[in-house]
Each structure stands twice: as structure tokens, then as C-alpha cells.
Amino acid sequence: MFRLFHAKILGPKLHRLKPITFQIMLPPFPECCSLLFEISPRSLSISSYRCDPLLSSLLLTLKSSSSVSCCRVIHARVVKSLDYRDGFIGDQLVSCYLNKRSIPDAQKLFGEMPHKDFVSWNSLVSGFSKRGDLCNCLSVFSTIRSEMALELNELTMISVISACASAKARDEGCYLHCCAVKLGMGLEVKVVNALINMYGKFGCVDSAFKLFWAMPEQNMVSWNSMVAVWTQNGIPNEAVNYFNMMRVNGLFPDEATMVSLLQACENLHLGRLVEAMHGVIFTCGLNENITVATTLLNLYSKLGKLSVSHKVFAEISKPDKVTLTAMLAGYAMHGRGKEAVEFFERSVREGVEPDHVTFTHLLSACSHSGLVREGKYYFLIMSEVYKVQTQLDHYSCMVDLLGRCGLVNDAHQLIKNMPLEPNSGVWGALLGACRVHRNIDIGKEAAENLIALNPSDPRNYIMLSNIYSAAGMWNDASKVRALMKTKVFTRNPGYSFIEHGNKIHLFVVDDYSHPDSDKIHKKLEEIMRRIQEVGFVSETEPILHDVDVEVKTYMINKHSEKIALAFGLLDCNADKPLVIIKNLRICRDCHNTAKFVSLIEKRTIIIRDSKRFHHFSDGLCSCGDYW
DNA sequence: CTAGGGTTAG
């Protein structure tokens, strides 16, 4: 297997001409290293070349390889045969070391380089920036500023600004904005773009907005950055507006525009808009772009259209690990564990290398389908066979997998024995299992840990109180509830909605705000009566023990998903599945209701809750009540 | 004369 390579060559006397780009073939590492020893020392010491093309190619490959020792091999070779301190090679080596997270190597080499120019310094800054190492990035920046202020250019600024953006370092970011203005870069397109992105990441939409409209000329990246800012800050309709404005300005959307825009569509929950965007993607010729296709695939599966995701996937010529993971996430959401496993095996055979995110979704797919044996298998072999380190997310999935199918004690043991400090994801998975399988002791421990980790989340208190109530420990339950009253919580109210006639119809609990609400509630009562006739019994959980049963039953009968369901039965086309989206987990009673309704109304109902999709038909749910 | 850089995917 050989890898294609681009290298630029400058002849000794041709340096006024444009560089010639040509391709050379190089084997991948570590074969690449042995090749190094076949290069004659003479070819390395021709000093009229600022850099040897072969050597520069080697360094380029090194950037994508993971081995520090390969770096050192080249470094040693360079030291022997060429004065590496002469600029280019040194810079390249420094950024190689930084890419490989070998900071001491990089710093040592950098210190040894006698002819550092501003490019060398910028390489160092950008290396730290890409690694997300804000601390080192800033310290190099201040060194440059104090020792060689004149050499500071816009590229230095951009690197440091983007480091602040990803680290969400507000104070430092604002300071850098001031620096940029002081140094007269306040209107440079690239610097402003970096600032727009930074303020967007901070959630300061206003600042981003002002910068965008104050800049002398917006380029493609500026527009894309603004679309991303709106999307990332939960204002998707503005993202669509800016997309339209771009087109009015005669710009055609590119990869970055479409990716942000598709995410905006996801937040607008308008499936029809996604279909329209799919059309735009074709007209712009972006349908073969892997990044766009992956976003699209992900979006369709989140909208309940797994079959369309499949079609999008089939058109991707060379799927990578991100595409694979997106597909696995789709299968997991829809409870199609078997297919996820088959798909994973096939992709691996075809040469895709999974990473830690891939395994998170694979394990989650196993978990949502009760594939305990398969889940355990992948959890065990992932680090040895696939060289992917087991992280907290994987433990959460495993606890979920074991707990869901009733192996609560095994799940508990796994947490006790895990080498990492369990986080809220891990304890939350255990608590969920304890609630379903009514395990009080372990549930109590999980809830207490959760409250300690996150005292401002009301759900944990409610869960703990519920556990006590279920066990008849009323005293403890009221203690927890008294503790809750001493705190101020921001509640996250549940809602459900349906896309119909180009609109979103959204309902909360006991909602009478819809123009047709009389009809809807009549329909709801009718449905509840009819399903009770065929054997449906409402099932209230011990939510609040001091609320009497009648009130509880009333509230549960007015859950937002039930109202949405009644609306859908009244207004939506009977040939198509009814798709309801809910922001929280669906409750057991609503889940049962949907099963019965699918039976008596002979309709397919799809409900997406915060975790996954439930496809109801003929009185059964695709999740097999496994949730 | 060239390197260093701003938006986007699971």
C-alpha cells in the first residue's frame, strides 16, 4: 500500500517561478522511516533547497502518524546530516512534536533553534492552539508581545483567538480582541472571522453580530461563521435568514454553510425544510461531500427516517469512521441493535478504523436492544483489539446495558471496580435501572451520588423521593422534598410536538392553548375511553405521595404526548406514520397508551423521546418495552 | 521564495 503525496519543489535557480506541484509515492509509516536511511546524505545537504522535498514529505506524513519515536528518528537524522536549525525543518519538527502531544520535545527543540523567525513562533502558537492548550498558547503569545512586538502578525492573533474560543476563555478572549484593535488588525477579515467565531462560542451573539456588520467586507467564511453562530446559539431561524441573505449577495453555499444549516433545520424540527435543503445540496454539487452527507444522514435518522439515512449512506463512496458512527447512532436511536452489530463488523472488514465515539454508539445500540452478550464482548475487546481506550462514556453504556436488563447488581459491581472516577452519566444509568427494577438500596446510593455531583438538577431529588415513596419510607421522602424547597431550580418543562402543514404544533401538559383545543381534548377523552374498554389500565408512578390518586390520574391523562397524539389522530394524514417529538423521556403510561392506540386506530405511531425512537404498530413497540 | 491561519460532520 502506497500513499499519494503532494510535495512542492523549488529548483536552486527557479525560486522566482511558481512552485511545481507533483506527486511522489511514499509508503506509510513505519516503512517510511526505513526509507529515510536510503536517502543519500548528499541529497540532504544541498543547502540551496530550503528544504529537501522528500524530507518535507516525510515530515508531512509524520504529522498524521501517531508515533513520537518516528519523529525522533527523523530528528536525529536531520541533526546528523543537515543544519535543521535553519528555519523550515525545525518549524516542521516542532509542530510534529506538538501534534503528538510531546511538549517537552517540542520546547527543547524550539529552544535550540537559533534562527527563529516569526513563522517559527507562529508554528509554536498554532501547535498549542490546535491541541487546545490555552495556557501555553497564551504564554508564548505574551513572550512574542513583550520580546518581539513588531513580528506579531494576524496569523498569531488568529491562532490565539481560536484557542480562547475552544477553551471558552471569555476574559482572555476579550483581551485579545482589544490587542487586535490596538495592533490595527481590528478590520482584517480573517481576524474578525476568528473573533465572530469566538464570541459565538461564548454565547455573545450580539458581539458577533456587531462585528459581522461592522467589517468592511464579508467573505464566504464570515457568512458561514454567522450561520454557525446562530445555529450554535439556538436561533435556527436566523441561520436560515443569513443563508438566504448570502444567496441574495450572490454567494453559493459550500460544505461549511450546509453543515451548519442542516443543524439549524434539526433545531427547527421542520422535516420539510430538510428535504428542501437536500435539494439545495444536489444543485450545489455537495451530495458527494462526505461531511455534508454525514450530517444529512444523521439528521434523517434523528427525524425518524432511518431508511433515508440508509440511502444517503449508500451514496457515499468511501465512508469513514464518522459516517460509520453516525449510522450506528441511528441504529441505536431506533433500537436496531442486531443491524448495528452487523453494520459495524462489515465496516471494520472494509477497513474503517473505529474510535472511542464509534464504540460509545455501538455499545448504546447493544444496550437499547438488550444485546448483553454482544455488548460485553465489545466492551472487553475494544482496547485490546481496536486499541481504543475505555472511557467514562463506555462505562455509562455498560452500566445502562446491564442495569436495563435487570442485572442491577452487576452494574453496581462494575462501577465499584472501574478504574475511573464515575461521573453523573454512570450514576444516572444506574439510577434509571434501579427505578425500572425497583432496587431501593442501590438506587438510593446512585441518587445520593448524583445529588452530590450535581446539586442543581431537580430530577435527582425527585427520583430519590420517588424511590423512598415506593418503599413506603414516607419520612425520608418528605425530608428530600423539604430539602428541594430550600433550593431554587430552573424547571425543564416537558413538551411534545408534531410537524403538520408546514407548522410545528407544540403542546405542554394540560394544554388548552391550541385553536382547536376543544376538539383535541374531546378526541383525547374518546381515545382514553376506548382503550380502557379493550383493557388499558393507567399506571401512575408514585410521583408525589401527598397528591391524591384522582389528581395524579388527571395529570397523567393530560401529558403533552397524549394531547399531541389526539391532535395527530384528528389532523394528520392517516396513510403516513404519526411522528411525535418529545423533549423528555416518555412515561410508562404514555408508552402503553400509544401501544393501545396503534392497535385500535390501526396506525403507525412514532414517538421520539430524549433517548430514542419508539415505533408503535399493532399494539407493540419496536423497543420491545426495553427502555 | 515557502512554511504559520479563520467556518463545518459522528
Side-chain angles (χ1 to χ4, degrees), chain A residues 7-19 48-51 53 56 59-60 87-95 98 117-127 129-130 151 153-163 165 185 188-198 200-201 208 218-229 231-232 253-264 266 286 289-299 301-302 309 316 319-330 332-333 352 354-362 364:
Chain A
K8 287 177 180 170
I9 284 216
L10 286 170
K13 297 214 168 144
L14 294 176
H15 57 256
R16 274 173 205 281
L17 298 177
K18 282 188 117 184
S48 4
Y49 292 93
R50 264 306 286 268
C51 80
S56 108
L59 282 164
L60 276 170
F88 180 79
I89 298 288
D91 297 347
Q92 292 276 2
L93 266 172
V94 166
S95 58
L98 283 177
D117 58 2
F118 63 97
V119 177
S120 317
W121 283 93
N122 283 351
S123 300
L124 194 65
V125 173
S126 89
S129 167
K130 278 185 193 146
E151 303 265 30
N153 68 355
E154 56 178 294
L155 294 142
T156 329
M157 286 307 298
I158 290 167
S159 288
V160 193
I161 291 170
S162 59
M185 300 172 189
E188 292 274 346
V189 186
K190 289 171 186 172
V191 176
V192 181
N193 288 342
L195 284 169
I196 289 176
N197 170 45
M198 182 188 82
K201 292 268 177 352
Q218 298 93 349
N219 69 5
M220 195 64 194
V221 179
S222 322
W223 283 99
N224 287 346
S225 302
M226 268 322 275
V227 174
V229 167
T231 306
Q232 288 164 3
D254 67 0
E255 176 184 309
T257 327
M258 283 325 291
V259 167
S260 296
L261 202 64
L262 286 171
Q263 289 175 336
E266 183 197 332
L286 289 167
N289 179 304
I290 190 162
T291 311
V292 173
T294 306
T295 314
L296 193 61
L297 174 163
N298 181 244
L299 203 51
S301 66
K302 281 184 179 165
S309 296
I316 298 175
D320 63 4
K321 64 183 168 192
V322 185
T323 323
L324 162 65
T325 309
M327 244 0 260
L328 288 179
M333 255 187 285
V352 182
D355 69 0
H356 65 110
V357 192
T358 316
F359 276 99
T360 307
H361 290 285
L362 179 63
S364 145

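Owing to the predicted nature of the structure, the values given are computational and were not obtained by experimental measurement. Chain identifiers are assigned alphabetically (A, B, ...) following the order of the sequence lines, protein sequences preceding nucleic acid strands; residue numbering begins at 1 within each chain.
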Nearest-nucleotide pick for [X], side chain only, options being [options]:
| X | options | result |
| --- | --- | --- |
| Asn122(A) | dT8(B), dG4(B), dT7(B) | dG4(B) |
| Thr294(A) | dT8(B), dG4(B), dA9(B) | dA9(B) |
| Asp320(A) | dG6(B), dT7(B), dA9(B) | dA9(B) |
| Val322(A) | dT8(B), dA9(B), dG6(B) | dA9(B) |
| Val189(A) | dG6(B), dA9(B), dT7(B) | dG6(B) |
| Lys321(A) | dG4(B), dG10(B), dT7(B) | dG10(B) |
| Val221(A) | dA3(B), dT8(B), dG6(B) | dG6(B) |
| His361(A) | dA3(B), dG6(B), dG10(B) | dG10(B) |
| Asn153(A) | dT7(B), dT8(B), dG4(B) | dG4(B) |

Below 4.5 Å, heavy atoms only, C-beta onward: do Ser222(A) and Val189(A) meet side chain to side chain?
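A side-chain contact exists here, since the closest heavy-atom pair is under 4.5 Å.
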Let me know which of Val259(A), Val322(A), Leu299(A), Asn289(A) forms a side-chain contact (heavy atoms from CB on, under 4.5 Å) with Thr294(A).
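So the option named by the test is Val322(A).
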Find the distance [X]:[atom1] to [N]:[atom2] and express it as a whole number of Å.
| X | N | atom1 | atom2 | result |
| --- | --- | --- | --- | --- |
| Asn289(A) | dG10(B) | CG | C1' | 15 Å |
| Asn298(A) | dT8(B) | CG | C1' | 13 Å |
| Leu195(A) | dT7(B) | CG | P | 11 Å |

For the residue pair Asn298(A) / Thr295(A), report whether a side-chain donor-acceptor contact shorter than 3.5 Å exists.
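No pair is found: no donor N or O on one side chain lies under 3.5 Å from an acceptor on the other.
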What is the minimum heavy-atom distance between Ala208(A) and Met226(A), and which atoms define it?
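Minimum heavy-atom contact is O-SD, 4.0 Å.
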Would you tell me if any nitrogen or oxygen in the side chain of [X] comes within less than 4.0 Å of OP1 or OP2 on [N]?
| X | N | value |
| --- | --- | --- |
| Gln263(A) | dT8(B) | no |
| Gln232(A) | dT7(B) | no |
| Asn197(A) | dT7(B) | yes |
| Lys201(A) | dT8(B) | yes |

I'd like to know if Asp355(A) reaches the base of dG10(B) with its side chain such that a donor and an acceptor end up less than 3.5 angstrom apart.
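Checked by distance alone, the answer is yes.
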Does Ser123(A) contact dG4(B) through a side-chain donor or acceptor facing the base, at a distance under 3.5 Å?
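Under the 3.5 Å cut-off, the side chain and the base do not form any donor-acceptor pair.
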Under the 3.5 angstrom rule, does the side chain of Asn153(A) hit a backbone N or O of Thr156(A) as a donor-acceptor pair?
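Looks like yes, one N/O pair under 3.5 Å.
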